[in-house]
Amino acid sequence: MTTITPSTRRSQVLVTAATGSSAIKPILRKTVSVLGTRSRPDDDDGDELASPTKKRKTVVFNESLNVVRDIGNKSLGDAKREVRQALDGHGRGDDEDYDNLKDLFAPSHKQHSPPEEVEDDAKPQELVVYVIALTSHVPLLGRSCAGLVRSILRCSWLDRDDDFSRAYIQLLAALSSAQGSFFTQILSMMVDKFADAQTYSNKGSSVPGFPPVQAETKKDRLHLGLRYLLELFPDGRYIIIDLVSAKFPYTEDSKAVHMEYINHLLRLKTDRPELERDIMELILSRLVKLDVEMTLDLENDDDETTKAVLRQLESSGAKSDDGEDSDADSVVSDEEGDDEQTRRVDMIKSKLETMDAIMDLMFAIYTPVFEKPETPEAQEAFHDLLSDFSNVILPHLKSRHTQYLLFKFAMRSRLFMETFTGTLFNIAFESKRPPVVKQAAVAYLASFTARGAKLESDLVQKIVQTFLYYIDNFRVTHTSCRGPDVRHYGQYYAYFQGLLYIFCFRWRDLIDRDLVPASLDWDDPASFIGQDLPWMAGLRSKMQANIASKLNPLKCCSPVIVDEFARLSHHLGLIYIYPQIEKNKNVQLSQFSTGSYATGGALRDSGFEFDNEKWTHLEACFPFDPFQLPVAKRWLDLQNNYVSWQPMAVLSMESDDEDSESDPDEDD
């Protein structure tokens with residue numbers, strides 16, 4: 001157990017009252033005060049105070065009990081008697097002294113006054129004596145003393161000196177032991193200070209008579225108290241987790257507020273390692289919430305708003321590179337300040353910057369752990385991250401960036417890649433999982449396979465082979481279906497669409513390299529056009545069988561994905577599906593699944609493009625679409641880890657020619 005004691009060199013601290021200053025006024029009425037002003041010539045204590053030859057009053061710390069005996073003119077014994085009489089009077093219904101005791105802890109009305117303006121009779125240093133006195137009388141504080149406890153908790157204890165903060169923490173510990181409800185209030189007060197900007201202001205102390213306290217010193221005192229209380233009361237871990245979750249900043253709060261709060265959480269995690277899993281999951285869950293809200297905001301806004309947000313992000317990134325603080329920059333000009341669109345841009349940009357800062361911090365935390373992926377520490381960290389992904393990230397398919405934590409660190413080793421894909425397959429095949437989660441797992445599998453540059457060809461083929469097995473087995477067992485039905489066969493269409501998507505990015509990995517003619521250039525995609533390529537076993541036959549089946553997957557998959565696959569598969573000699581596409585134009589779907597997808601966004605590296613078409617096809621959401629956060633992007637090493645969409649130049653030229661021929665307004 002940690003014992004809060006001052007350092008040895010401060011075991012005897014001499015405190016001399018300022019010339020002309022008097023002590024804090026006693027809380028009792030003058031008729032009964034033990035510090036009355038009547039003459040006491042026969043009182044030895046009075047002679048001691050009056051004699052200049054007598055030893056000055058000191059603050060004496062007992063290293064084992066951590067007790068202050070007295071300070072200045074305020075005797076600890078006197079304070080104890082005053083506190084006891086106030087509490088006894090409160091019990092009898094006489095609250096005058098009790099109210100005076102509460103007022104001692106009330107925030108000063110002159111908290112921002114410079115020290116020279118403090119009145120002579122206000123010596124806040126002596127409040128520590130009442131703190132110690134109250135600590136010894138805590139057993140008398142029942143539920144009827146809740147008002148006094150609230151006053152104590154409003155005390156500006158971080159803005160005083162170390163002696164006061166240590167004594168105050170002991171009082172908090174005694175209160176926590178006396179009443180369970182007090183303990184919850186105390187922890188709540190401390191968590192409230194996580195994101196209180198005023199608490200950590202360096203513009204001066206909020207308590208007259210004390211020198212300014214630096215922000216880091218306040219944080220040290222706060223976490224000393226938290227650490228001590230949680231060591232004394234281990235079950236407080238459950239209370240503190242509930243509190244930090246309930247008090248987490250809103251998504252609309254500023255980046256500064258979020259980062260201050262999260263830094264306190266990380267410090268709490270360091271002090272109390274048993275809270276690490278809960279704290280990291282909490283941060284990830286709120287990051288996902290922010291991510292999803294941002295995505296939905298962009299979906300609901302027009303293209304001009306989206307482009308304006310991207311321009312502002314680029315501008316902020318440039319200013320940050322120049323050493324300027326982008327947080328202080330307004331997104332809008334003075335002339336544009338009243339415009340609704342600019343306010344929307346400001347709000348979305350603020351969320352993006354907050355998310356960018358949190359993602360950057362998360363990458364910074366995890367990256368050192370995965371420097372040596374073969375170590376037990378790295379493997380344990382990856383499994384923890386994978387657990388958080390399954391519980392927090394996966395159920396939210398609208399998340400656009402948080403999942404890149406998994407993407408980055410899975411790229412660190414073949415074992416991590418296999419573990420990640422294996423977990424996703426387990427979720428996709430688990431019968432008790434909700435359909436939306438199973439389809440999300442398939443989307444992650446397809447996107448990770450398509451975009452992960454370090455996935456070797458054999459692993460890509462294993463994943464594709466599993467997809468092929470699923471769709472063909474599904475086709476064989478559903479020969480009696482009447483036609484395409486997204487609502488009933490959504491999982492099947494998710495696998496088929498995933499196959500199309502993987503093919504568009506990784507078609508070269510689906511070729512048997514041992515049988516490829518030496519004349520082909522792997523770095524020149526155009527050299528494969530028109531060749532009889534040796535595709536992996538079962539790819540052509542199973543896809544043909546499924547396309548021709550009553551399930552008719554081409555009708556239900558995203559038209560953008562289908563069109564790109566049709567062009568590639570035709571020129572690469574895999575399958576010619578244009579007749580089926582034309583035939584499907586006359587097919588009326590009986591059921592539709594809800595969803596949306598960016599027009600062309602599945603295969604392009606432009607971000608934040610969303611359409612408003614009526615949802616008549618399977619939702620085509622691929623979670624590892626391009627990462628758009630300008631600061632956090634630096635951790636991803638996209639050049640080596642990420643497969644960007646690169647359409648064949650030959651096919652792009654053909655597409656441009658077709659568009660030109662079909663443009664009736666083109667000049668001669």
Side-chain angles (χ1 to χ4, degrees), residues 3-6 15 23-29 32-35 59-62 65-92 94-108 122-190 207 221 224-225 228-229 232-233:
T3 301
I4 300 183
T5 60
V15 180
I24 286 182
K25 294 180 179 179
I27 62 174
L28 303 183
R29 288 161 287 186
V32 295
S33 173
V34 297
L35 295 181
V59 178
V60 180
F61 288 94
N62 182 310
L65 300 178
N66 196 25
V67 172
V68 176
R69 301 206 181 279
D70 46 28
I71 180 171
N73 291 327
K74 175 59 64 176
S75 163
L76 178 57
D78 292 345
K80 285 184 176 180
R81 284 191 292 273
E82 292 180 14
V83 168
R84 178 60 184 261
Q85 187 161 337
L87 295 177
D88 288 345
H90 177 64
R92 298 190 303 269
D94 182 0
D95 287 341
E96 182 177 350
D97 296 331
Y98 176 79
D99 291 339
N100 290 337
L101 182 59
K102 289 196 298 182
D103 290 342
L104 286 179
F105 291 91
S108 172
K123 287 189 62 182
Q125 294 91 339
E126 295 185 356
L127 183 60
V128 67
V129 180
Y130 286 98
V131 170
I132 301 301
L134 272 167
T135 302
S136 64
H137 288 95
V138 159
L140 301 179
L141 300 181
R143 294 185 181 275
S144 64
C145 295
L148 174 59
V149 173
R150 285 194 295 269
S151 294
I152 293 172
L153 297 185
R154 288 197 295 267
C155 174
S156 302
W157 63 284
L158 298 177
D159 297 297
R160 300 171 185 263
D161 56 18
D162 285 339
D163 299 332
F164 184 91
S165 67
R166 289 174 180 274
Y168 185 83
I169 291 170
Q170 292 285 25
L171 173 57
L172 296 182
L175 287 170
S176 300
S177 178
Q179 291 281 346
S181 61
F182 292 165
F183 185 42
T184 301
Q185 293 177 52
I186 289 167
L187 292 181
S188 180
M189 173 271 291
M190 300 176 97
V207 177
R221 293 172 179 174
L224 173 65
Y228 183 62
L229 291 175
L232 287 176
F233 311 104

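Note that the structure is predicted; figures quoted are calculated from it, not measured. The figures that follow rest on heavy atoms only: side chains count, while hydrogens, waters and symmetry mates do not.
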With no hydrogens and no angle check, is any side-chain donor or acceptor of [X] less than 3.5 Å from a backbone partner on [Y]?
| X | Y | value |
| --- | --- | --- |
| Ser151 | Gly147 | yes |
| Ser188 | Thr184 | no |
| Ser136 | Ala133 | yes |

To the nearest 0.5 angstrom, please state how far the [atom1] atom of [X] sits from the [atom2] atom of [Y].
| X | Y | atom1 | atom2 | value |
| --- | --- | --- | --- | --- |
| Tyr98 | Leu87 | OH | CG | 8.0 Å |
| Ser177 | Phe182 | OG | CZ | 11.5 Å |
| Tyr130 | Thr135 | OH | OG1 | 14.0 Å |
| Gln85 | Leu101 | CD | CG | 12.0 Å |
| Phe233 | Ser176 | CZ | OG | 5.0 Å |
| Leu171 | His137 | CG | NE2 | 12.5 Å |

* To do: Begin from the C-alpha positions of Val149 and Gln185 and carry the test side chain to side chain contact (heavy atoms under 4.5 Å, CB included) through to its verdict.
  => CA-CA 9 Å; Val149 173; Gln185 293 177 52; 4.3 Å; yes
Nearest heavy-atom neighbours spanning [X] and [Y]:
| X | Y | answer |
| --- | --- | --- |
| Leu229 | Met190 | CD1-SD, 3.7 Å |
| Arg221 | Leu158 | NH1-O, 2.8 Å |
| Trp157 | Ile169 | CZ3-CG1, 3.9 Å |
| Ala173 | Tyr228 | CB-CE2, 3.8 Å |
| His90 | Ser144 | NE2-O, 3.0 Å |
| Ser75 | Val129 | O-CG1, 3.9 Å |

* Any side-chain heavy atom of Phe183 within less than 4.5 Å of one from Leu172? ->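 Of all side-chain heavy-atom pairs linking Leu172 with Phe183, none is under 4.5 Å.
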* Asked: Can you check whether Cys155 reaches Phe164 side chain to side chain, under 4.5 Å on heavy atoms?
  ->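 Cys155 reaches Phe164 side chain to side chain.
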* Full working for side chain to side chain contact (heavy atoms under 4.5 Å, CB included) between Arg160 and Leu127 -> CA-CA 10 Å; Arg160 300 171 185 263; Leu127 183 60; 3.6 Å; yes
* Asked: Under the salt bridge (Lys or Arg N to Asp or Glu O under 4.0 Å) test, which residues partner Arg84, sequence neighbours left out?
  ->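 Residues passing salt bridge (Lys or Arg N to Asp or Glu O under 4.0 Å) with Arg84: Asp88.
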* With sequence neighbours excluded, tell me which residues meet salt bridge (Lys or Arg N to Asp or Glu O under 4.0 Å) with Asp95. =>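 In terms of salt bridge (Lys or Arg N to Asp or Glu O under 4.0 Å), with neighbours along the sequence ignored, Asp95 is linked to no residue.
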* To do: Might you work through the side chain to side chain contact (heavy atoms under 4.5 Å, CB included) test for Leu134 and Leu148, ending with a clear yes or no?
  => CA-CA 10 Å; Leu134 272 167; Leu148 174 59; 4.1 Å; yes
* Full working for side chain to side chain contact (heavy atoms under 4.5 Å, CB included) between Asn100 and Asp97 -> CA-CA 5 Å; Asn100 290 337; Asp97 296 331; 4.1 Å; yes
